[in-house]
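To start, the structure under review is shown below, and the notes come after it.
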Amino acid sequence: MHTPSTPTPLPEHTIASPVGTTLERYIMQKQIEFPYATGELSQLLRDIALAGKIINREVNRAGLAGITGAYGQQNVQGEDQQQLDVVANIRFIRALRNGGQACAVLSEEEDDIIHTGNDHGKYVVAIDPLDGSSNINVNVSIGTIFSIYRRVTTVGSKATREDFLQGGRQQVAAGYILYGSSTMLVYTTGHGVAGFTYEPSLGEFFLSHPDITIPQDGSTFSCNEGYWFEYPECVRTYLMDCKRQRFAGRYVGSLVADYHRNLFTGGIYLYPPTGKNPEGKLRLLYECYPLAFLIEQAGGKALADGGPVLDVVPTDFHQRAPIFIGSPAMVTAYQACADEPVLPTTATTA
Ligand code: P6P
């Protein structure tokens, strides 16, 4: 006789939580929660997600399509562009131009502002279309980083520098797309952090992490120790302390991948000043600011030299900043090292 087995109870989240909601439904639901939302920011987020889907396809087929190599010219940073850098840049600018909500784009791959022609768009977007692209050839995760501001210039006019140099705390949304073992979109509009996982067979991002918060502490540090002898003394002091505690060194060489791992498991990513990059390597407007906004929304901390990344004053589109970002306890421990007075190496006694 068949004895009915007791069904395994489904995990609570399968029934109750919105996990599994599409990005589209999630954006609409969040828009309802903000009665004054006019839907333009929602549309802008959709446009970025669409470009992310297209780039995901390009990244996944790059090896077969023979577009993993160098493009043969340098960007404004003086860095050799990879073919996929150029493809991603074109795709994001096209998606934002066609979407109509962004009046201008500042891209790592472009010297100056790109006007989309949507002069009535209320937003501007700063973007690193494909960060870590040198890792494409070796099949390591790479990512897109974006930062969104409401324009401060008159709607209907051309965007200006002023729209992009508002400062990190004026961002209205920020996030990244990680093209990894799965492709994820993680973003904030200032009300917490949500993560969406892409299902390529359906062409949809599904809510997989409704409320991401970073562990308060961690035991992973991410930096390029090849620069050890160029690092400021306080950075070496901090890293030595990490090693004494047998913390793990994890450095992919792809900012979004290292950042994402530390966001989920706890950790700190450091890109201090070096001889080659005395201001740090990472760019303030489309790498440091958006990731700092997001990490603060996830309960983390982001420092530049002498204070929060979000308080660094922007003066140039492509300016760089040092960054120490991740679990608050780890960033605070680094800050304690940085605040230590630098004693003269050869103390003299009277
Ligand atoms: P380094 C990639 O070029 C990048 O901007 C980040 O993605 C990455 O974390 C860092 O630079 C790697 O720089 O100097 O360690 O090779």
Side-chain angles (χ1 to χ4, degrees), residues 52 55 59 62 68-71 73-89 92 106-110 126-147 174-180 183-184 186 220-232 235-236 239 248-263 267-292 294-295 300 302-304 309 317-326 331 334:
I55 298 306
V59 165
T68 56
Y71 181 59
Q73 68 182 31
Q74 294 190 334
N75 62 17
V76 65
Q77 325 289 341
E79 294 167 344
D80 295 332
Q81 286 181 303
Q82 301 296 309
Q83 292 177 73
L84 269 177
D85 284 324
V86 176
V87 168
N89 187 51
F92 272 102
L106 173 68
S107 166
E108 181 195 46
E109 303 303 331
E110 303 285 349
I127 192 163
D128 183 353
L130 206 55
D131 178 78
S133 53
S134 57
N135 285 312
I136 293 167
N137 303 6
V138 292
N139 210 17
V140 168
S141 302
I142 50 184
T144 296
I145 309 169
F146 61 90
S147 168
Y176 61 86
I177 300 168
L178 173 63
Y179 310 99
T183 290
M184 280 193 72
V186 178
T220 299
F221 60 91
S222 305
C223 65
N224 184 340
E225 291 196 69
Y227 297 119
W228 179 266
F229 293 104
E230 299 178 28
Y231 281 164
V235 173
R236 291 202 294 259
L239 290 174
R250 291 284 184 276
Y251 192 66
V252 176
S254 193
L255 168 60
V256 175
D258 283 316
Y259 179 95
H260 184 81
R261 181 202 53 248
N262 292 347
L263 175 64
I268 184 172
Y269 174 99
L270 311 90
Y271 209 107
T274 63
K276 182 180 174 187
N277 289 299
E279 299 301 318
K281 175 180 183 184
L282 301 188
R283 274 63 60 147
L284 181 64
L285 266 63
Y286 40 79
E287 290 173 332
C288 298
Y289 272 168
L291 295 181
L294 196 145
I295 209 84
L303 287 183
V309 166
F317 288 156
H318 301 291
Q319 80 186 71
R320 301 173 191 267
I323 190 166
F324 310 87
I325 187 168
V331 177
Y334 162 72

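Numbering of ligands and ligand atoms starts at 1, following listing order.
Residues L284 and H318 form no side-chain contact, since every pair of their non-hydrogen atoms from C-beta on lies 4.5 Å or further apart. Between E287 and S147, every side-chain heavy-atom pair lies at or beyond the 4.5 Å cut-off.
Under the ring-ring contact (aromatic ring centres under 6.0 Å, His included) rule, F324 has a single partner from Y231, Y271, F221, Y334, which is Y334. The salt bridge (charged side-chain N to carboxylate O under 4.0 Å, His left out) test with E108 singles out one residue from K281, R283, R320, and that residue is R283. Each of L291, L294, D258 was evaluated against L263; a single residue qualifies, L294, per the side chain to side chain contact (heavy atoms under 4.5 Å, CB included) test.
Defined by atom type and a distance below 3.5 Å, a donor-acceptor pair is missing between the side-chain atoms of S107 and Y286. A side-chain donor from one of N262 and S222 sits under 3.5 Å from a side-chain acceptor of the other.
Residue, atom and distance of the protein heavy atom nearest to atom 8 (C) of ligand 1 are G253 O, 3.5 Å. Of the protein's heavy atoms, Y269 OH, 2.7 Å lies nearest to atom 9 (O) of ligand 1. Nearest protein heavy-atom neighbour of atom 13 (O) of ligand 1: K281 NZ, 3.0 Å. Protein heavy atom nearest atom 14 (O) of ligand 1, with residue, atom name and distance: Y271 OH, 2.5 Å.
In this structure, D258 does not count as a contact residue of ligand 1, since none of its heavy atoms falls inside 4.0 Å of the ligand.
Between the side chain of Y259 and the backbone N or O of I295 there is at least one donor-acceptor pair closer than 3.5 Å.
When non-hydrogen atoms are compared, ligand 1 lies under 4.0 Å from the side chain of N224 (C-beta onward) but not from its backbone. Contact annotation: for V252 versus ligand 1, there are no heavy atoms closer than 4.0 Å.
The contact set between ligand 1 and Y227, taken as ligand atoms under 4.0 Å from a residue heavy atom, comprises 14 (O). Heavy-atom contacts of D131 reach the following atoms of ligand 1: 4 (C), 5 (O), 6 (C), 7 (O) (cutoff under 4.0 Å). Less than 4.0 angstrom separates some heavy atom of L282 from each of these atoms of ligand 1: 5 (O). Listed by number with element, the atoms of ligand 1 under 4.0 angstrom from any heavy atom of Y251 are 1 (P), 9 (O), 10 (C), 12 (C), 13 (O), 15 (O). Atoms of ligand 1 lying under 4.0 Å from at least one heavy atom of L255, given by number and element, are 6 (C), 7 (O), 8 (C), 9 (O).
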